[in-house]
Amino acid sequence: MALDYALLDVFAGAPFQGTQIPVVMLTGKSMDAQGKTAIASEFQQTETVFIEPDNAASPVSVFTPRGQQLFGAHTILAASYVAYEMGLADDKGTFSSYLLKQNDQQIESFIDKTDNGPGAIQFARVLSPSIDRYTPEIPRLAAALNIDDKHIAFSKYKPMVVSVDKPTLIIPFTKPEHVLAASLNAEHWAGLAGNIYTSEVFLFAPGSITGESDFHGRIISPDLPRDVFPPIGNVMPEFIAYLAEQKETVPGTHTLSVDRGSPDTRKSLLRVEFDKHPGKQLRCRIGGNVVKMGTGSLLVS
């Protein structure tokens with residue numbers, strides 16, 4: 001059995017940037033979770049997307065070598081791009097839309113139409129965050145991150161645990177170069193384990209490594225090697241909720257961008273909008289560009 005796939009660079013401003021996401025097209029075919037997990041293991045990318053147009057209950061799914069995962073920003077954009085190319089998106093005139101289903105949630109994406117195919121892609125979400133302002137003292141956090149505590153911002157932003165899809169400890173830094181320099185100190189981090197109920201840590205700083213963004217962001221984890229810069233799209237809902245929670249964030253619509261990577265690695269650029277209004281749910285849009293890098297077929301017996 002031959003399975004067609006596309007290899008995409010997501011949140012990329014140019015080829016060989018962003019995060020690589022394979023999308024496998026199961027048109028007229030079906031596959032169980034074990035088979036999808038095996039294919040994700042074959043690709044060895046961060047995540048692999050599967051599109052099954054004939055599966056009304058779950059037309060899009062996401063797998064890693066560990067099994068099925070929830071949608072994240074990267075996989076939503078990747079699925080939307082290929083769905084547009086497959087003719088599965090709804091034509092709205094100047095743009096197309098595509099509806100993804102996840103448990104009881106529906107996520108709608110919007111795809112710009114260009115002469116060369118899909119353009120910029122954006123998806124909308126309504127967020128219901130949970131905020132925990134209790135975090136360890138800054139000197140303890142700094143020691144756990146092998147950084148001087150003066151490089152963790154003291155004034156406008158404070159560390160905070162925010163949960164939308166999963167609890168994330170968000171720590172503000174003063175400059176992107178300090179975010180890049182941070183690394184986990186195993187001994188000090190182990191000492192914080194009893195005070196923090198999440199191992200997901202997002203570091204950010206005002207500024208840019210690409211020259212195109214308002215913030216630089218990085219996920220750091222005990223499970224990651226020192227010089228790895230994983231995708232940050234999955235923590236954007238938490239980061240948006242964090243920014244909306246700040247006293248300085250006035251009611252209205254806010255637009256910003258976040259980059260990811262290092263000067264010597266692949267870089268991503270994510271564009272974000274959110275609406276903050278008293279008494280109303282927090283609404284956001286997350287988007288960026290996708291570059292199609294290649295197509296092929298998997299020969300699966």
Side-chain angles (χ1 to χ4, degrees), residues 5-25 40 43-51 60 62-64 69-85 98 100 107 109-112 114 116-123 125 165 176 179-180 202-205 207-221 224-225 227-240 255-273 284-296:
Y5 70 88
L7 182 62
L8 309 177
D9 285 350
V10 181
F11 291 118
F16 308 110
Q17 298 294 333
T19 299
Q20 290 181 310
I21 301 289
V23 181
V24 179
M25 292 154 270
F43 278 117
Q44 285 295 309
Q45 298 293 344
T46 306
E47 292 152 308
T48 298
V49 175
F50 294 84
I51 297 185
V60 179
V62 179
F63 280 76
T64 72
Q69 307 293 315
L70 295 175
F71 291 131
H74 296 82
T75 50
I76 291 171
L77 264 65
S80 301
Y81 185 100
V82 174
Y84 178 97
E85 289 198 324
Y98 185 63
L100 296 96
I107 302 171
S109 63
F110 307 93
I111 307 112
D112 288 346
T114 73
N116 298 317
I121 302 173
Q122 185 181 76
F123 68 91
R125 284 192 62 180
D165 296 321
V179 172
L180 294 171
F202 181 64
L203 315 179
F204 81 94
S208 171
I209 63 164
T210 61
E212 301 180 67
S213 69
D214 303 294
F215 295 98
H216 175 68
R218 179 185 177 193
I219 290 175
I220 195 168
S221 163
L224 293 171
D227 294 321
V228 169
F229 299 89
I232 63 173
N234 290 2
V235 300
M236 281 301 101
E238 282 76 17
F239 185 50
I240 291 166
T255 302
L256 59 107
S257 55
V258 188
D259 64 19
R260 184 266 335 181
S262 74
D264 301 320
T265 64
R266 298 172 70 101
K267 302 166 189 63
S268 297
L269 182 63
L270 296 79
R271 303 193 184 279
V272 170
E273 296 177 351
C284 73
R285 278 83 55 198
I286 302 171
N289 293 319
V290 176
V291 178
K292 188 175 185 178
M293 294 299 297
T295 59

*Start with the C-alpha distance between S257 and S213, add both sets of side-chain angles, then the distance that settles side chain to side chain donor-acceptor pair (under 3.5 Å), and finish with yes or no.*
CA-CA 5 Å; S257 55; S213 69; 4.9 Å; no
*asked:* Would S80 and L100 count as a side chain to side chain contact (heavy atoms under 4.5 Å, CB included) here? Give the steps.
replied: CA-CA 9 Å; S80 301; L100 296 96; 4.1 Å; yes
*Test E47 against N234 for side chain to side chain contact (heavy atoms under 4.5 Å, CB included), laying out the working first.*
CA-CA 12 Å; E47 292 152 308; N234 290 2; 3.7 Å; yes
*Test side chain to side chain contact (heavy atoms under 4.5 Å, CB included) applied to V82 and L8, step by step*: CA-CA 9 Å; V82 174; L8 309 177; 3.9 Å; yes
_side chain to side chain contact (heavy atoms under 4.5 Å, CB included) evaluation trace for V24 with F43_ = CA-CA 11 Å; V24 179; F43 278 117; 3.8 Å; yes
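With sequence neighbours excluded, the residues that form a side-chain contact (heavy atoms from CB on, under 4.5 Å) with T265 are F229, S262. For P225, the side-chain contact (heavy atoms from CB on, under 4.5 Å) partners two or more places apart in sequence, or in a different chain, are V228. Under the rule for a salt bridge (Lys or Arg N to Asp or Glu O under 4.0 Å), the partners of R125 that lie at least two apart in sequence or sit in another chain are D165. E85 meets the side-chain contact (heavy atoms from CB on, under 4.5 Å) test with Y81, P118, K292; sequence neighbours excluded. With sequence neighbours excluded, no residue forms a salt bridge (Lys or Arg N to Asp or Glu O under 4.0 Å) with E212. Under the salt bridge (Lys or Arg N to Asp or Glu O under 4.0 Å) criterion, D9 pairs with R266, sequence neighbours left out.
Considering only heavy atoms from C-beta on, I111 comes within 4.5 Å of S109 through its side chain. Residues T46 and T64 are not in side-chain contact: their nearest non-hydrogen atoms beyond the backbone lie 4.5 Å or more apart. The side-chain heavy atoms of I51 and V23, taken from C-beta on, include a pair separated by under 4.5 Å. Side-chain contact between F11 and V291 is absent, with no heavy-atom pair separated by less than 4.5 Å. Taking 4.5 Å as the limit, every side-chain heavy atom of R218 sits out of range of all side-chain heavy atoms of I232. Between P22 and V49, every side-chain heavy-atom pair lies at or beyond the 4.5 Å cut-off. Looking only at side-chain heavy atoms (C-beta outward), V60 and F71 come within less than 4.5 Å of each other. At least one side-chain heavy atom of M236 sits less than 4.5 Å from a side-chain heavy atom of V258.
Closest approach of S268 and R260 over heavy atoms only: OG-NH2, 2.7 Å. The nearest pair of heavy atoms linking L180 to P263 is CD1-CD, 3.9 Å. Of all the heavy atoms in A6 and M25, the pair that sits closest is N-CE, 3.7 Å.
Taking the six-membered ring for Trp and the full ring otherwise, the centers of Y98 and Y84 sit at least 6.0 Å from each other. In this structure, F204 has its ring center at least 6.0 angstrom away from the ring center of H216. Aromatic ring centres of F123 and F110 lie farther apart than the 6.0 Å criterion allows.
Note that CD1 of I286 and CZ of F239 are 11.0 Å apart. Values are rounded to the nearest 0.5 Å. Rounded to the nearest 0.5 angstrom, I121 CD1 and R271 CZ are separated by 14.0 Å. Separating the CG atom in L77 from the OG1 atom in T19 is a distance of 11.0 Å, to the nearest 0.5 Å. Atom CZ of residue F215 and atom CG of residue L256 lie 6.0 Å apart, to the nearest 0.5 angstrom.
No donor-acceptor distance shorter than 3.5 angstrom exists from the side chain of Q122 to the backbone of R285, with no hydrogens or angles considered. Between the side chain of D259 and the backbone N or O of I209, at least one donor-acceptor pair lies under 3.5 Å.
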